[in-house]
Amino acid sequence: MENHEYFMRRALVLAQKAFDEGEVPVGAVVVHDGEIIGEGYNVRTQKQNAMLHAETVAIYNACEKMGSWRLWDCCLYVTLEPCPMCTGAIMNARIDTVYYGADNIRAGSCGTVVNLFDYPFTYKVNIVKGILQEECGTLMVNFFRNLREKNKQKKSAENADTENQ
């Protein structure tokens with residue numbers, strides 16, 4: 001039996017790294033036979049590449065480690081429910097099970113907005129949600145609260161500059 005909290009805590013460490021780098025704080029790990037074989041966190045803003053979500057980075061790294069695009073008998077732990085792009089990557093990589101923390105109310109594709117895994121595609125993926133949900137959700141809430149505060153301060157500074165001219 002795998003230790004779900006252990007792997008989700010590793011994903012949370014990666015999400016915190018994204019947070020610290022100014023990225024939306026999502027972290028992901030791919031696990032095979034109880035070993036992490038791929039890790040990733042959001043770097044799409046840094047790299048200016050829409051494809052570089054935590055899940056796709058982790059899947060890429062796992063494929064490199066396994067020497068195959070098929071990640072049979074692998075599972076993915078991710079702090080936020082995957083979006084449509086990532087659910088497609090998960091199916092294409094043949095990942096067995098997705099364990100996620102917080103629901104994604106804007107783009108969740110494992111049941112919150114839509115469940116793409118329910119469609120009659122050729123490969124079925126299992127979903128387990130709510131692993132360390134509170135911690136995963138709190139990280140997201142804090143990130144966007146900080147972002148709103150920074151934007152508010154920036155706008156105030158710009159208004160002050162305009163008034164002083």
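Because the structure is a prediction, the values reported are computed rather than measured. Along the sequence shown, residues carry numbers from 1.
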Locate the shortest heavy-atom distance separating [X] from [Y]; write the atom from each residue and the value.
{"X": "Gly101", "Y": "Cys136", "value": "CA-SG, 3.8 Å"}
{"X": "Ala58", "Y": "Ala28", "value": "CB-O, 3.7 Å"}
{"X": "Ala18", "Y": "Pro25", "value": "CB-CA, 3.9 Å"}
{"X": "Ala15", "Y": "Gly27", "value": "CB-N, 3.5 Å"}
{"X": "Ala89", "Y": "Thr56", "value": "CB-CG2, 4.2 Å"}
{"X": "Ala107", "Y": "Pro84", "value": "O-CD, 3.5 Å"}

So, do [X] and [Y] sit near enough that their side-chain heavy atoms are less than 4.5 Å apart?
{"X": "His53", "Y": "Val26", "value": "no"}
{"X": "Leu14", "Y": "Val29", "value": "yes"}
{"X": "Cys75", "Y": "Asp96", "value": "no"}
{"X": "Arg94", "Y": "Trp69", "value": "yes"}
{"X": "Val128", "Y": "Thr97", "value": "yes"}

Which residues pass the salt bridge (Lys or Arg N to Asp or Glu O under 4.0 Å) test with Lys47, sequence neighbours left out?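 By the salt bridge (Lys or Arg N to Asp or Glu O under 4.0 Å) rule, Lys47 matches no residue at all.
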With sequence neighbours excluded, tell me which residues meet salt bridge (Lys or Arg N to Asp or Glu O under 4.0 Å) with Arg10. Glu39
For [X], check side-chain hydrogen bond (donor to acceptor under 3.5 Å, both in side chains) against everything at least two apart and list the hits.
{"X": "Arg148", "result": "none"}
{"X": "Asn142", "result": "Arg145"}
{"X": "Asn146", "result": "none"}
{"X": "Glu135", "result": "Arg9"}

Please list all pairs passing the salt bridge (Lys or Arg N to Asp or Glu O under 4.0 Å) test where one or both residues lie in residues 51-74, with sequence neighbours left out.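 Those involving residues 51-74 are Glu35-Lys65.
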Share the residues that join Met85 in a hydrophobic cluster, the rule being Ile, Leu, Val, Met, Phe, Trp or Tyr side chains under 4.5 Å apart at the heavy-atom level.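 Grouped by the 4.5 Å side-chain rule, Met51 form the rest of the cluster around Met85.
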Out of curiosity, [X] [atom1] to [Y] [atom2], how far, rounded to the nearest 0.5 Å?
{"X": "Ile95", "Y": "Ile90", "atom1": "CD1", "atom2": "CD1", "answer": "5.5 Å"}
{"X": "Ser109", "Y": "Leu116", "atom1": "OG", "atom2": "CG", "answer": "4.5 Å"}
{"X": "Thr79", "Y": "Met8", "atom1": "OG1", "atom2": "CE", "answer": "7.0 Å"}
{"X": "Leu139", "Y": "Leu80", "atom1": "CG", "atom2": "CG", "answer": "10.0 Å"}
{"X": "Cys86", "Y": "Ile59", "atom1": "SG", "atom2": "CD1", "answer": "7.0 Å"}
{"X": "Leu12", "Y": "Tyr77", "atom1": "CG", "atom2": "OH", "answer": "13.0 Å"}

Suppose we screen for side chain to side chain contact (heavy atoms under 4.5 Å, CB included). Which residues come up paired with Met91, at least two apart in sequence or across chains?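 Partners of Met91 by the side chain to side chain contact (heavy atoms under 4.5 Å, CB included) criterion, ordered by chain and then number, come out as Phe117, Phe121, Val125.
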Residues, nucleotides or ligands: over 12 heavy atoms within 6.0 Å of Lys150 NZ: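 No, the 6.0 Å shell around NZ holds no more than 12 heavy atoms from other groups.
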Other residues, nucleotides and ligands only: do more than 12 of their heavy atoms fall within 6.0 Å of CD on Glu134? no
Tyr100 vs Ile127, side chain to side chain contact (heavy atoms under 4.5 Å, CB included): CA-CA, chis, key distance, verdict: CA-CA 8 Å; Tyr100 75 85; Ile127 305 164; 3.7 Å; yes
Phe7 pairs by side chain to side chain contact (heavy atoms under 4.5 Å, CB included) with which of Val31, Leu76, Val30, Leu132?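 Output: one option passes, namely Val31.
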Would [X] end up clustered with [Y] when hydrophobic side chains under 4.5 Å apart are linked, directly or stepwise?
{"X": "Val141", "Y": "Phe144", "result": "no"}
{"X": "Met66", "Y": "Ile36", "result": "yes"}
{"X": "Val13", "Y": "Val43", "result": "no"}

Closer than 3.5 angstrom, by distance alone: can the side chain of Asn42 be matched with the main-chain N or O of Val24 as a donor-acceptor pair?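 Flag set: sc Asn42 to bb Val24 pair under 3.5 Å.
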Give a yes or no answer on whether the side chain of Asn104 reaches the backbone of Arg106 with a donor-acceptor pair at less than 3.5 Å.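 Between the backbone of Arg106 and the side chain of Asn104 there is a qualifying donor-acceptor contact (under 3.5 Å).
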Contacts of Phe143 that satisfy ring-ring contact (aromatic ring centres under 6.0 Å, His included) - sequence neighbours left out: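 In terms of ring-ring contact (aromatic ring centres under 6.0 Å, His included), with neighbours along the sequence ignored, Phe143 is linked to Phe19.
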Stepwise side chain to side chain contact (heavy atoms under 4.5 Å, CB included) test for Ile105 and Val113: CA-CA 7 Å; Ile105 60 170; Val113 174; over 6 Å; no
side-chain hydrogen bond (donor to acceptor under 3.5 Å, both in side chains), that's the test. Do Tyr99 and Asn126 meet it? Break it down for me. CA-CA 9 Å; Tyr99 298 90; Asn126 300 307; over 6 Å; no
With sequence neighbours left out, which residue pairs that include part of residues 11-29 fulfil the side chain to side chain donor-acceptor pair (under 3.5 Å) condition?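 Listed by first then second residue: Gln16-Asp20, Glu21-Tyr41, Glu21-Gln46, Glu23-Thr45.
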Per the side chain to side chain donor-acceptor pair (under 3.5 Å) rule, what does the pair list look like for residues 81-92, sequence neighbours excluded? Glu81-Thr112
Given side chain to side chain contact (heavy atoms under 4.5 Å, CB included), test Leu71 with Cys63 step by step and report yes or no. CA-CA 7 Å; Leu71 298 177; Cys63 289; 4.1 Å; yes
